[in-house]
Visitor: 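The structure is given below, and queries will be raised subsequently.
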Amino acid sequence: MTVAMRVVPLVGGPVEIRGALDLETTRAGVMPRRLPAWTKEQYQDPSVHGVTVMPSGVRLVFRTDAREVEFDVLTSTGQLDTDPEPCPTGMLELLVDGAPAGRRQAPVGNVVRMAGPGAVQRVIPGEPGTVRFAGLPAGMKTVELWLPQQTPTELVALRADGEVLAPLPDGRRRWVHHGSSISHCLEADGPTGTWPVVAAGLGGVEVINLSQAGNAMLDPYVARTIRDMPADLISLKVGINIVSRAAFRLRTFGPAVHGFLDTIRDGHPDTPLLLMSPVSCPALEEAPGPTAEGPDGKLEALGDPSEVAGGALSLTVVRAELARIVAARQAYDPHLHYLDGRELLGPDEVDDLPDGLHPTAAAYRRMGKRFAARAFANGGPFSPDDQA
């Protein structure tokens, strides 16, 4: 006998949308945002909005005895005029009681066309698509639908052939992380393959990923966001965007780091806080930005290495400055820690950076395992023993 599908409200009902700090109402439904709505008034660069609505780490969570669930979503993906197809939309992944239960390609919806990067955009409207997961285990269970980390996704409808209830309270510690594209993980093989999600699973914590591809710039509104949200653990991965865009000099970088940390400490004076430097990036180790794509498709530095002596930032300088800042602050902040990003991906692994900057999907998973081993294991800054 066929059981009729029930419509389940996405807002104001049993479904929790975790990993998002705000929901933006759209014509089709709701769009998860990974920064609060008030931050929109504090930036002008449209790329900030673009990456904020890319739902890295965002998932729908509920309990159900349904054997089948359907999700209607409307994605927005880009396409250059010279490309025959839109950019890949990524994967929707279903977990049941924490175990993988299915992966589906996110349907193509809206397509944003442009002649080239930074050119005028033209939106070709699309329609919502339906993703179905059948054959779920019998009985009441916790279901999580993880959204594609690289594709803005409007939530349109949820249907189930059984009862849907609110999830049980998540008793795990809450880890808030902020970083660049290397923490946003657009190149991961799916939303549960990003290194913060891999590390969180191994560490037994709930992760909120506030990483902003291309936009980890020590923005004060991000620091205030972290200050004001619940967090048991906090980590910040700082440096690669700042160097690649030549956004700071040594004179301004240090005070900006201190100010970012001071703001977070206003709300979290004793929370374990891990400051991380960049992973290896050959082009910028000794040379400053800005950067461009070279003829071989890899990142190249346009800055003059001789300018480093005058205050231009290379990754070597940034790592030394971050380590110095942490060492100085530890005199009065024993819960502040430092991790050299090269411990997650080092100079002997640069072949895992196809474009000279971003890791492969396999390397992201390896980074997650290494972070968990360093941060969550006994003696690590995020281990329960360290917080006694």
Side-chain angles (χ1 to χ4, degrees), residues 19 57 98 170-180 182-183 185 188 192-211 216 223 226-227 229-240 257-258 260-280 315-316 318-349 352 359 362-388:
D170 194 321
R172 298 173 297 173
R173 294 177 297 162
R174 181 185 243 208
W175 167 33
V176 175
H177 177 70
H178 172 61
S180 68
I182 299 172
S183 296
C185 305
T192 64
T194 68
W195 77 256
V197 172
V198 171
L202 294 171
V205 302
E206 178 192 17
V207 66
I208 307 296
N209 190 356
L210 303 185
S211 299
I226 298 172
R227 176 196 66 190
M229 64 187 296
D232 301 300
L233 313 164
I234 300 169
S235 58
L236 311 169
K237 200 165 185 303
V238 175
I240 187 65
V257 173
H258 277 292
F260 202 90
L261 294 174
D262 287 344
T263 298
I264 292 173
R265 281 303 190 216
D266 287 342
H268 298 281
D270 301 315
T271 302
L273 198 166
L274 180 61
L275 186 61
M276 305 167 59
S277 67
V279 303
S280 291
L315 293 187
T316 298
V318 161
R319 292 194 192 99
E321 183 66 357
L322 292 176
R324 183 194 68 79
I325 288 171
V326 170
R329 293 178 68 106
Q330 282 175 331
Y332 56 87
D333 188 351
H335 299 290
L336 178 65
H337 307 269
Y338 173 72
L339 177 65
D340 188 320
R342 293 172 296 183
E343 293 191 35
L344 302 186
L345 193 148
D348 58 337
E349 300 171 291
D352 288 324
Y364 277 131
R365 289 186 177 273
R366 190 165 66 246
M367 288 172 61
K369 294 175 182 178
R370 289 176 178 172
F371 183 90
R374 287 156 177 76
F376 295 111
N378 291 339
F382 289 170
S383 65
D385 292 343
D386 187 69
Q387 299 164 52

Visitor: If I take atom CG from residue Leu261 and atom NE2 from residue His268, how far apart are they, to the nearest 0.5 angstrom?
Guide: 13.0 Å

Visitor: Looking only at heavy atoms, what is the nearest atom pair of Ala363 and Asp352, with distance?
Guide: CB-CB, 4.0 Å

Visitor: Show the nearest heavy-atom pair for residues Leu275 and Val238, with the distance to one decimal.
Guide: CD1-CG2, 3.9 Å

Visitor: Looking only at heavy atoms, what is the nearest atom pair of Ser280 and Gly346, with distance?
Guide: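 Minimum heavy-atom contact is OG-C, 3.1 Å.
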
Visitor: What distance do Met229 atom CE and Ile264 atom CD1 have between them, rounded to the nearest 0.5 Å?
Guide: 10.5 Å

Visitor: Using side-chain heavy atoms (C-beta onward) and a distance below 4.5 Å, is Val207 in contact with Arg172?
Guide: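 No, side chains not in contact.
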
Visitor: Going by the angle between their ring planes, with limits at 30° and 60°, are Phe376 and Trp175 parallel, tilted or perpendicular?
Guide: perpendicular

Visitor: If you measure from NE2 on His258 to OG1 on Thr263, what distance do you get to the nearest 0.5 Å?
Guide: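 One gets 13.0 Å once the value is rounded to the nearest 0.5 Å.
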
Visitor: What verdict does the salt bridge (Lys or Arg N to Asp or Glu O under 4.0 Å) test give for Asp262 and Arg329, after you've listed the backbone C-alpha separation in whole Å, the side-chain angles of each residue and the deciding distance to 0.1 Å?
Guide: CA-CA 10 Å; Asp262 287 344; Arg329 293 178 68 106; 2.9 Å; yes

Visitor: Side chains of Tyr338 and Arg324: closer than 4.5 Å at any heavy-atom pair?
Guide: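 Answer no - side chains too far apart.
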
Visitor: Under 4.5 Å between any side-chain heavy atoms of Lys237 and Val279, yes or no?
Guide: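 In short, these two side chains touch, coming nearer than 4.5 Å.
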
Visitor: Answer whether the closest heavy-atom distance between the side chains of Leu273 and Arg265 falls below 4.5 Å.
Guide: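 They are in contact (side-chain heavy atoms under 4.5 Å apart), so the answer is yes.
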
Visitor: Provide the closest heavy-atom pair for Ser180 versus Ile240 in the form atom of the first, atom of the second, distance.
Guide: OG-CG2, 3.2 Å

Visitor: Can you tell me how far the OH atom of Tyr364 sits from the CG atom of Leu345, to the nearest 0.5 Å?
Guide: 9.5 Å

Visitor: Measuring only between side-chain heavy atoms, which start at C-beta, is Leu339 closer than 4.5 Å to Phe371?
Guide: yes

Visitor: Is the shortest heavy-atom distance from the side chain of Pro196 to the side chain of Cys185 under 4.5 Å?
Guide: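 Touching, per the 4.5 Å side-chain cut-off.
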
Visitor: Under a 4.5 Å cut-off applied to non-hydrogen side-chain atoms, are Met276 and Glu343 in contact?
Guide: no

Visitor: How far does CG of Asp270 sit from NE2 of His335, to the nearest 0.5 angstrom?
Guide: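 Between atom CG of Asp270 and atom NE2 of His335 there are 5.0 Å.
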
Visitor: Got Phe382 and Leu274 here, is their nearest side-chain heavy-atom distance under 4.5 Å?
Guide: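 Yes, at least one pair of side-chain atoms sits under 4.5 Å.
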
